[in-house]
Protein chains: 2
Amino acid sequence: MANIHDIARVAGVSAATVSRVLNGHPYVSDEKRQAVLDAADQLHYEKNINAVHLARGKTETIGVILPFVSHPYFGIILSGIASAAEKNGYKLMIVQTNYNVMQEMDALDMLKLKQVDGLIITSRECPIELVEDYSEYGRIVLCEALSGNLLSSVFVNQYEAFKSALSFLKEKGKTNIGYTTLRMEGKSSSARKKAYEEQFGEMRRHWVFDQALTIEDGTRIAGEWAALHDRPDAMVITNDFVAVGFLLECRRIGFSVPGDVSVVGFDNHPISSALNMTTVELPLQQLGEIAFQQVISVEISHMEVPFRLIKRGSA
Amino acid sequence: MANIHDIARVAGVSAATVSRVLNGHPYVSDEKRQAVLDAADQLHYEKNINAVHLARGKTETIGVILPFVSHPYFGIILSGIASAAEKNGYKLMIVQTNYNVMQEMDALDMLKLKQVDGLIITSRECPIELVEDYSEYGRIVLCEALSGNLLSSVFVNQYEAFKSALSFLKEKGKTNIGYTTLRMEGKSSSARKKAYEEQFGEMRRHWVFDQALTIEDGTRIAGEWAALHDRPDAMVITNDFVAVGFLLECRRIGFSVPGDVSVVGFDNHPISSALNMTTVELPLQQLGEIAFQQVISVEISHMEVPFRLIKRGSA
DNA sequence: GTGAAAGCGCTAACAT
DNA sequence: ATGTTAGCGCTTTCAC
């Protein structure tokens, strides 16, 4: 493996000049430049990026924490991040955490170890204070509503988005509305609770279904819903995949959607359109792109992305 | 930023001993070990992983090339890779290529630059010879049928899998069978053609639908199918998402599935179960895990993973 | 314009 | 057990 010094020797110049040529710096004579290029070629020179990273003190790499890479919600955010990263010449390091705090810490450590210049956390399990402790090592962006001047954030207004779904259902004459959450204790969960209780008063606990992330969760929840003596006549559901599972299972066991129960999903994933399902569109791709811009920015910022209720046939 | 030498000075030992302690090597006295640990603590020492990478000549990082991170097919493979990587203490660098050769080259270069120790290519656009040229820089694993001793591979037997779907449809009395492909010129495309023609003779060009990757593609193809004067009475479809788009659109425009057209998908994604769709199960998560094992292995190997026809209501 | 030289921070072979 | 020393390969300041 030839290195920069080998080239310098062969080209009859110094290592510094080789570095200049290789990095396209000005102030190198054409003859020397050509000599360096020829030598590099002749020696089959390949740059060692780790040496560059060490010498420069940065890696042009961003870490991305996500609980599940194969879930469309995170997949689409990741896709947005990836396309922005590519445009800006950055590489991406991903850590799939399964909401495991140990793995989240592992990812945070990449920042401390200078393996990545910045970190995007699409969702987390660990306490925010812990994340803040890492802000001194590089820019961190969270995909959740946040303020403060330690971390950047990009998010959908969960409260308003949820409220818009509720208002729509109310207009349609629905008053017994249930909903699902990913995790009961989560932040967006309390935003939903607040929006709900403002419109309908105290929530009935058994109308809130927890652990709703996948199609299978939706299927399961449909069964739980059907078993209720006082079934909600409408459901606002975490995301389109859960909603699909719910809707199809309801129909399978003999209920009508929206006759017996209206369904509103979130994301506007293509599947919702294929199933003619009402949903709240979230610009997830764009959210990912914004997150990337924030992570390479020197400034800390908090950005809200818009949502949009898309009325289709399930509500 | 304190470094190993600062610690050595404070602890009254050499840098080498500090390195030993930090890396858990044996043969360090307890007193010195403690002194080093204390000093590290006191100086808020953080290791610089780039220096480690440079000195060691490797990075414990694997690159993953995938055309689209948000497509469930690739997402699930990635998930398998990610979980295996985590278990083995490796990090993952991902490159979303959109089947763009430039970006594929970019990813291949990570290997050359020693940014990653190995590379997993889930799908590619660039010629195999080009990939082979990079095999000297580190282990490369492709997720496609392959032989030779330059690259490893893990794959489903496309020919047999497709054949099993065809045979099943034939048993059901279907003889006018069409199918979809991701890309006409692709390798799996020719495997399908071969399997098809062995059972049914010469293919009719207009019964093969190209560019089938997403739900929307399925929707579009349903329209094309419906417009045909000699419509196939069965379709074998690239993956469950395309199949979902196809199936739902067929029903929406007034056809019956499987009455007017049988549908068989691939992957056995949860969506196929929710829609009671017949599909050929592919163990994609496992495929990802195997790919990871291969990429960190010193040996080159070629592994075939099993498939399984799952009979449901769409065929 | 160009080169010398001092790092960047850590590892590991060798010596003791 | 511990230290010395020579890198790993590139960047960048400073001097000429």
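Since this is a predicted model, take the numbers as computed values, not measurements. Chain letters run A, B, ... following the sequence lines, proteins first, then strands; residues in each count from 1.
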- Message: If you compare all heavy atoms of A:V69 against all heavy atoms of B:G75, which two are closest, and at what distance to 0.1 Å?
- Response: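 Smallest heavy-atom distance, with atoms named: CG2-O, 3.7 Å.
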- Considering only NZ, NE, NH1 and NH2 on the basic side and carboxylate oxygens on the acidic side, decide whether A:D106 and B:K91 come within less than 4.0 Å. yes
Please list, one pair per line, the donor and acceptor atoms closer than 3.5 Å that link side chains of residues 95-104 of chain B to other protein atoms, with sequence neighbours excluded.
| unit_1 | atom_1 | unit_2 | atom_2 | d |
| --- | --- | --- | --- | --- |
| B:Q96 | NE2 | A:S79 | OG | 3.4 |
| B:T97 | OG1 | B:Y99 | N | 3.1 |
| B:Y99 | OH | B:S123 | OG | 2.5 |
| B:N100 | OD1 | B:M102 | N | 2.8 |
| B:N100 | ND2 | B:Q103 | OE1 | 3.4 |
| B:Q103 | NE2 | B:Q96 | O | 2.8 |
| B:E104 | OE1 | B:E125 | N | 3.1 |
| B:E104 | OE1 | B:C126 | N | 2.9 |
| B:E104 | OE2 | B:E125 | N | 2.7 |

Spacing between [X] atom [atom1] and [N] atom [atom2], to the nearest angstrom:
X: B:H53; N: D:dG7; atom1: NE2; atom2: P; answer: 23 Å
X: A:L43; N: D:dG9; atom1: CG; atom2: P; answer: 14 Å
X: A:K58; N: C:dG9; atom1: NZ; atom2: P; answer: 15 Å

- Message: Tell me if the centroids of the rings in A:F292 and A:Y90 come within less than 6.0 Å of each other.
- Response: yes
Within the sub-3.5 Å range, which N or O atoms of nucleotides 10-12 of chain D have a protein N or O partner, and how far apart are they?
| unit_1 | atom_1 | unit_2 | atom_2 | d |
| --- | --- | --- | --- | --- |
| D:dC10 | OP1 | A:Y45 | OH | 2.3 |
| D:dC10 | OP1 | A:N48 | N | 3.4 |
| D:dC10 | OP2 | A:I4 | N | 2.7 |
| D:dT11 | OP1 | A:N23 | OD1 | 3.4 |
| D:dT11 | OP1 | A:N23 | ND2 | 3.3 |
| D:dT11 | OP2 | A:S19 | OG | 2.9 |
| D:dT11 | OP2 | A:N23 | ND2 | 3.2 |

- Task: With DNA chain D as reference, determine whether B:S29 or B:L54 sits nearer its 5' end, using the nearest nucleotide of each.
- Result: B:S29
- Item | Trace of the side chain to side chain donor-acceptor pair (under 3.5 Å) decision for A:T59 with A:H53 | CA-CA 5 Å; A:T59 60; A:H53 290 339; 5.4 Å; no
- Message: Side chains of B:R124 and B:I65, heavy atoms from C-beta outward: is any pair under 4.5 Å?
- Response: no
- Item | Minimum-distance nucleotide to B:K32 side chain [options: D:dT2, C:dG9, C:dG1] |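 Per side-chain heavy atoms of B:K32, the pick is D:dT2.
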- Message: If you assign B:N50 and A:V13 each to the DNA chain C nucleotide with the nearest heavy atom, which residue ends up on the more 5' nucleotide?
- Response: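 Nearest-nucleotide comparison on DNA chain C picks A:V13.
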